[in-house]
Amino acid sequence: MTAPTRHAACRCGQLRIACTGEPVRVSVCHCRNCKARSGSAFAAQARFPADRVRTEGEAKMWQQAGDSGKVADFFFCAECGATLWYRNGPQREYAVPLGNFEPGHGLTPRVSVYEERRDPWVAIVGEGIEHLD
């Protein structure tokens, strides 16, 4: 049996990423940076090790320190401006927003982080979800 490859792209399709195998983690984040990046009340993303990721197209990078003080690298399309992935932490895994993957990706969040910053009208529900502050 071969490992699945999931494909994601920016809005215009110029920047693409392919992630092979199962993600290290699929999570929802309620931190201010993720809210701003997603333009929503939270962000959902899947993380993959760098050796299982292939990118193509022209990406621009922007860096920002998160709430932890660690700097993250955000990669976005030079044409349409959509953020397609970011990397942070010591593992430097590729985190890809779930909404960028092609339909049928089959990824479900299992962790919800920074819940103390969750908007009161948001509820992350489901079987086996770990809730962390």
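Not measured: the values here are computed from a predicted model.
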Which heavy-atom pair separates [X] from [Y] by the least distance, and what is that distance?
X	Y	answer
N88	A72	CB-CB, 3.6 Å
R11	G81	NH2-C, 4.3 Å
C80	C77	N-SG, 3.3 Å
P49	V24	CD-CG2, 3.5 Å
V96	L84	CG1-O, 3.6 Å
A41	K35	O-CE, 3.1 Å

Flag the pair [X] / [Y] as yes when at least one side-chain heavy-atom distance between them is below 4.5 Å, and no otherwise.
X	Y	result
I129	I124	yes
I17	H7	no
V28	C34	no
R110	R25	no

With hydrophobic residues grouped by side-chain heavy-atom distances under 4.5 Å, do L107 and V111 end up in a single group?
->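 In one cluster with L107: V111, no.
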Side-chain heavy atoms under 4.5 angstrom apart, residues restricted to Ile, Leu, Val, Met, Phe, Trp, Tyr: same cluster for V71 and M61?
->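 V71 and M61: separate clusters.
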Start with the C-alpha gap between Q64 and R37, add the side-chain angles, then the distance that decides, and say whether side-chain hydrogen bond (donor to acceptor under 3.5 Å, both in side chains) holds.
-> CA-CA 11 Å; Q64 181 182 24; R37 176 180 54 78; over 6 Å; no
May I ask you to decide if the ring planes of W85 and F75 are parallel, tilted or perpendicular, using 30° and 60° as cut-offs?
-> parallel
To the nearest 0.5 Å, what is the distance between [atom1] on [X] and [atom2] on [Y]?
X	Y	atom1	atom2	value
N100	Q45	CG	CD	11.0 Å
R32	H30	CZ	NE2	14.5 Å
D51	E93	CG	CD	10.5 Å
S27	R47	OG	CZ	5.5 Å
D119	S40	CG	OG	8.5 Å
R54	T5	CZ	OG1	7.0 Å

Report the C-alpha distance between H131 and E115 in whole Å, list the side-chain angles of each, state the deciding distance to 0.1 Å, and finish with yes or no for side-chain hydrogen bond (donor to acceptor under 3.5 Å, both in side chains).
-> CA-CA 7 Å; H131 299 270; E115 285 215 332; 2.8 Å; yes
Residue pair Y86, F74: steps toward the ring pair (Phe, Tyr, Trp, His ring centres under 6.0 Å) verdict = CA-CA 4 Å; Y86 65 93; F74 297 88; 5.5 Å; yes
Do the charged groups of R117 and D133 touch, with an N to O distance under 4.0 Å?
-> no
SB check R6 E22 (cutoff 4.0 Å) | yes
Side-chain donor or acceptor of R52 paired with backbone N/O of T20 under 3.5 Å = yes
Distance-only, no hydrogens or angles: does the E130 side chain make a donor-acceptor pair with backbone N or O of S112 under 3.5 Å?
-> no
Please lay out, stage by stage, how R87 and Y94 fare under the test side-chain hydrogen bond (donor to acceptor under 3.5 Å, both in side chains).
-> CA-CA 5 Å; R87 295 185 309 202; Y94 283 66; 3.3 Å; yes
Steps toward side-chain contact (heavy atoms from CB on, under 4.5 Å) verdict (V26, L98) = CA-CA 9 Å; V26 182; L98 295 186; 4.1 Å; yes
What pairs of residues pass the ring pair (Phe, Tyr, Trp, His ring centres under 6.0 Å) test when at least one of them lies in residues 95-129, not counting sequence neighbours?
->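 Checked against ring pair (Phe, Tyr, Trp, His ring centres under 6.0 Å) - neighbours excluded - the pairs reaching residues 95-129 are F101-H105.
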